[in-house]
J.: 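Encoded as structure tokens, here's the structure I'll be asking about.
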Number of protein chains: 2
Amino acid sequence: MATKYDRIAADLREQIVGGTLHPGQQLPPETTLRDHYRVSLVTMRRALDELAAEGLIEKRHGYGTFVRKPRQRVVRDATRHQWEKDRARLSHGERFGTGATERDTGLEMKDLDFRADYAIVPADKESAQIFGVPAGTKLLKRVYRTKPKSEEYPLGLGHSLLVHDVVAKNPDLLDSGNEPWPGGTQAQLYTLGIELGHIKEEIIARPPSASEAEQLGIDSGVSVFDLRKISFDINGRVVEIANTVLAGDRTQLVYTINLDRWQ
Amino acid sequence: MATKYDRIAADLREQIVGGTLHPGQQLPPETTLRDHYRVSLVTMRRALDELAAEGLIEKRHGYGTFVRKPRQRVVRDATRHQWEKDRARLSHGERFGTGATERDTGLEMKDLDFRADYAIVPADKESAQIFGVPAGTKLLKRVYRTKPKSEEYPLGLGHSLLVHDVVAKNPDLLDSGNEPWPGGTQAQLYTLGIELGHIKEEIIARPPSASEAEQLGIDSGVSVFDLRKISFDINGRVVEIANTVLAGDRTQLVYTINLDRWQ
DNA sequence: GAGTGGTCTAGACCACTGT
DNA sequence: CAGTGGTCTAGACCACTCC
């Protein structure tokens, strides 16, 4: 026999996908549901937690439990990198106002809250190894937060590492006041004469830290994508290490692999 | 103040990463831990569930709770597709015994338990749309299970869809008895004169279904990668739709994006 | 202040594992 | 069989949100 909480979750799941419960609709309080299903509160809550992990409902402390609007996932397509590269050398006007995030979401710059914080940090062992520099080398760490004004929570939490002495050749790149830089990082690197040759992305899934769960507005049980992007210039040197944490229930990642023709 | 279960989890986490608790070591029973931390059993269990979701411990019903060996993630590198393509036209002997899974894990065929089940199914709406055929069209559905003999659980659960009338031109491809086919799907398609041009992979993270959790041996709270691979031939026609479900705490996905040179 | 979800308790009983 | 983790209960109290 399945567990009670599984059967209750299945019952509610059916009502949600079947349309008996409408998106946005508030569910009865836990105590009422508990009486209806004749179980203890703990069991009732466990059933609800299951549905929250699936993204079907959303619980708001002190307020209520609601059926989620069919949350369409934001698609993050890796062709964004080629697209960004093609635009890196365009004029300021052509680059202005639309970056890779805007392309993913279909939103414009004015619909987004954007923040960037810069700091200089010493390279830890892992970063140093990837960059091929001694541990402790000065790095420019840039922390990004981008949030659609129409949403309560940001799409992702990101930061980027660059070797300080490399980017310092253009002092404009050390000033976070110049963000958002039209055209993004590849346009910034272009001012240094750097052209990217290839990009490697490594993806893992893991539970969010408490802070990430709070910042991303993640319900208990939802995992995050932890994506590390390593950018190489045309000579194979590592230029940037960027990290992005994306809510696992709101994101779809897409990659296209082109294959060489047979001879 | 943080919650009790968070503080208990933090305490145990520190002991695990700090080395006070060794990999493979059994933790005291929940009741003993409960007495030690002076909390209720429910609270104690919640702390342990947190660590299980992080992959730091592994709970075995009726047996005990153990510190996990630093689980190294299996890397699934998308360059596997090009590698597989390069090998598709090699001789049987050169293809034999090493496929993409073996390449990922470093294991040989003899170290793997392999099973394939074939069935003919009608295309549902979504598959039909992707293939560009009418709904209900006969598809060959192939279900795969691959498990290292040294592990208790499979790496992933996979299935693949092909248009039946296309592959039926080579009757050998309809017989699961011919699996594992040396060189994999691309070698199979080669017998039909089909060459792949590009591959698109779509990735989402979600909680496992009850059946997936059981088959993959996933602890509560761990998400899975749900990866859909769509293979296009050199004319842009969809040839295969393949789906793989991978344990989120045991897998790392890697993609390399090559960028066109500036003119 | 009224109503909601979040944490926590002490205890019972069940289900699974290895010997 | 003994020992373990898994489910479930009835109830207390806390923390948050809105009016």
Side-chain angles (χ1 to χ4, degrees), chain A residues 1-12 21 24-53 55-68 152-153 208 210 213-214 217-222, chain B residues 1-12 21 24-53 55-68 152-153 208 210-211 213-215 217-222:
Chain A
M1 170 190 117
T3 57
K4 287 193 184 182
Y5 58 78
D6 272 334
R7 280 186 284 118
I8 293 172
D11 183 55
L12 289 169
L21 293 167
Q25 184 178 346
Q26 179 169 8
L27 293 173
E30 297 179 338
T31 48
T32 308
L33 288 169
R34 169 200 62 184
D35 294 342
H36 175 252
Y37 286 108
R38 300 170 181 280
V39 292
S40 76
L41 189 55
V42 177
T43 302
M44 189 63 232
R45 282 178 52 72
R46 176 140 183 194
L48 292 173
D49 284 344
E50 226 176 89
L51 298 173
L56 287 174
I57 62 172
E58 184 177 358
K59 306 170 91 176
R60 293 197 219 167
H61 189 182
Y63 188 38
T65 303
F66 301 83
V67 179
R68 257 206 184 162
E152 192 176 352
Y153 295 106
E214 194 194 355
I218 283 181
D219 288 305
S220 111
V222 174
Chain B
M1 168 193 118
T3 56
K4 287 193 183 180
Y5 58 79
D6 272 333
R7 280 185 284 116
I8 294 172
D11 182 55
L12 288 170
L21 293 167
Q25 184 178 346
Q26 179 170 8
L27 270 62
E30 297 179 337
T31 47
T32 307
L33 288 169
R34 170 199 62 185
D35 294 342
H36 175 251
Y37 285 108
R38 298 170 182 282
V39 293
S40 75
L41 189 55
V42 178
T43 302
M44 189 62 232
R45 283 178 50 74
R46 177 141 183 191
L48 292 173
D49 284 344
E50 226 176 271
L51 297 174
L56 287 174
I57 63 172
E58 183 177 358
K59 306 171 89 176
R60 293 196 220 165
H61 189 181
Y63 188 37
T65 304
F66 301 83
V67 179
R68 259 207 184 162
E152 193 175 354
Y153 295 107
S211 142
E214 194 195 353
Q215 291 182 69
I218 284 181
D219 288 306
S220 111
V222 173

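Below, read A as the first sequence line, B as the second, and so on, with proteins coming before strands; counting in each chain starts at 1. Note that this is a predicted model, so its numbers are computed, not measured.
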J.: B:Thr43: what forms a side-chain contact (heavy atoms from CB on, under 4.5 Å) with it, not counting sequence neighbours?
T.: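 Checked B:Thr43 against side-chain contact (heavy atoms from CB on, under 4.5 Å); matches are B:Lys4, B:Tyr5, B:Val39, B:Ser40.
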J.: When you measure from the side-chain N and O atoms of B:Thr65 to the phosphate of D:dT4, is any distance below 4.0 Å, counting only OP1 and OP2?
T.: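 No, because none of the side-chain N or O atoms of B:Thr65 sits under 4.0 Å from OP1 or OP2 of D:dT4.
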J.: Distance check needed: D:dG5 C1' versus B:Asp219 CG, whole Å only.
T.: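 Checked: the CG to C1' distance equals 12 Å.
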J.: Which residues pass the ring-ring contact (aromatic ring centres under 6.0 Å, His included) test with B:Phe66, sequence neighbours left out?
T.: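 In terms of ring-ring contact (aromatic ring centres under 6.0 Å, His included), with neighbours along the sequence ignored, B:Phe66 is linked to B:Tyr63.
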J.: Taking salt bridge (charged side-chain N to carboxylate O under 4.0 Å, His left out) as the test, write out the residues that go with A:Arg45, two or more places apart.
T.: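 Per chain and number, A:Arg45 pairs via salt bridge (charged side-chain N to carboxylate O under 4.0 Å, His left out) with A:Glu30.
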J.: Just the rounded figure in Å: distance from P of C:dC8 to CZ of B:Arg38.
T.: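 The answer, rounded to whole Å, is 17 Å.
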J.: Verify the contact: side-chain N or O of B:Lys4 to OP1 or OP2 of C:dT7, cut-off strictly under 4.0 Å; return yes or no.
T.: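 Checking B:Lys4 against C:dT7: no side-chain N or O falls below 4.0 Å of OP1 or OP2.
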J.: Mind calculating the distance between CZ (B:Arg46) and P (C:dG6) to the nearest angstrom?
T.: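 Answer to the nearest Å: 9 Å.
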J.: Listing time: all N or O pairs from protein to nucleotides 10-13 of chain C that are below 3.5 Å?
T.:
none

J.: Nearest to the A:Pro29 side chain among C:dT4, D:dG6, C:dT7, which nucleotide is it?
T.: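 Comparing C:dT4, D:dG6, C:dT7 against the side chain of A:Pro29, the answer is C:dT4.
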J.: Write down the distance between CG (A:Asp49) and P (D:dT7), rounded to a whole number of angstrom.
T.: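 To the nearest whole Å, that distance equals 13 Å.
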J.: For nucleotides 15-19 of chain C, give me every protein contact, N/O to N/O, under 3.5 Å, one pair per line with atom names.
T.:
residue: C:dA15; atom: N3; partner: B:His61; partner atom: NE2; Å: 3.1
residue: C:dT17; atom: O4'; partner: B:Gly62; partner atom: O; Å: 3.4

J.: Does B:Arg45 have a side-chain nitrogen or oxygen under 4.0 Å from the phosphate oxygens OP1 or OP2 of D:dG5?
T.: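 For D:dG5, neither OP1 nor OP2 has a side-chain N or O of B:Arg45 closer than 4.0 Å.
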J.: To the nearest angstrom, how far is A:Glu58 atom CD from C:dG6 atom P?
T.: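 Distance, rounded to whole Å: 11 Å.
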J.: So does A:Tyr5 get a side-chain nitrogen or oxygen closer than 4.0 Å to the phosphate oxygens (OP1/OP2) of D:dT7?
T.: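 Checking A:Tyr5 against D:dT7: at least one side-chain N or O falls below 4.0 Å of OP1 or OP2.
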J.: Can you check the A:Lys59 NZ to D:dA15 P distance for me, whole Å?
T.: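 Nearest whole value for this atom pair: 18 Å.
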J.: Would you call B:Arg60-B:Asp219 a salt bridge at under 4.0 Å N-O?
T.: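 No salt bridge links B:Arg60 with B:Asp219.
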J.: Measure from CG on A:Leu33 to P on C:dG6 and round the result to the nearest Å.
T.: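 After rounding, the reported distance stands at 13 Å.
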J.: Considering just the side-chain nitrogens and oxygens of A:Thr43, establish if one lies under 4.0 Å of OP1 or OP2 belonging to D:dT7.
T.: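 False: A:Thr43 side-chain N/O out of range (4.0 Å or more) of D:dT7 OP1/OP2.
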J.: Mind checking side-chain hydrogen bond (donor to acceptor under 3.5 Å, both in side chains) for B:Glu214 and listing every partner two or more places apart, or none if nothing turns up?
T.: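 Residues passing side-chain hydrogen bond (donor to acceptor under 3.5 Å, both in side chains) with B:Glu214: none at all.
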J.: Between A:Thr65 and A:Leu33, does the side chain to side chain contact (heavy atoms under 4.5 Å, CB included) criterion hold? Intermediate values first, please.
T.: CA-CA 11 Å; A:Thr65 303; A:Leu33 288 169; over 6 Å; no
J.: Which residue pairs pass the salt bridge (Lys or Arg N to Asp or Glu O under 4.0 Å) test with at least one member in residues 31-41 of chain A, sequence neighbours excluded?
T.: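 Those involving residues 31-41 of chain A do not exist here.
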J.: Salt bridge check: are A:Asp6 and A:Arg46 linked by an N-O gap of less than 4.0 Å?
T.: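 Answer for the salt bridge query: no.
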J.: Which residue lies toward the 5' end of DNA chain C, A:Glu30 or B:Asp6, if each is placed at its nearest nucleotide?
T.: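 Per heavy-atom nearest nucleotide, the more 5' residue is A:Glu30.
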J.: Does A:Ala53 have any side-chain contact (heavy atoms from CB on, under 4.5 Å) partners at least two apart in sequence or in another chain, and if so, which?
T.: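 Here the qualifying residues are B:Pro207.
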J.: Could you tell me which residues satisfy salt bridge (charged side-chain N to carboxylate O under 4.0 Å, His left out) with B:Glu50, sequence neighbours excluded, listed by chain and number?
T.: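 For B:Glu50, the residues satisfying salt bridge (charged side-chain N to carboxylate O under 4.0 Å, His left out) (neighbours in sequence not counted) are B:Arg13.
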J.: Starting at atom CD1 of A:Ile57, determine the distance to atom C1' of C:dT4, rounded to an integer number of angstrom.
T.: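 To the nearest whole Å, that distance equals 14 Å.
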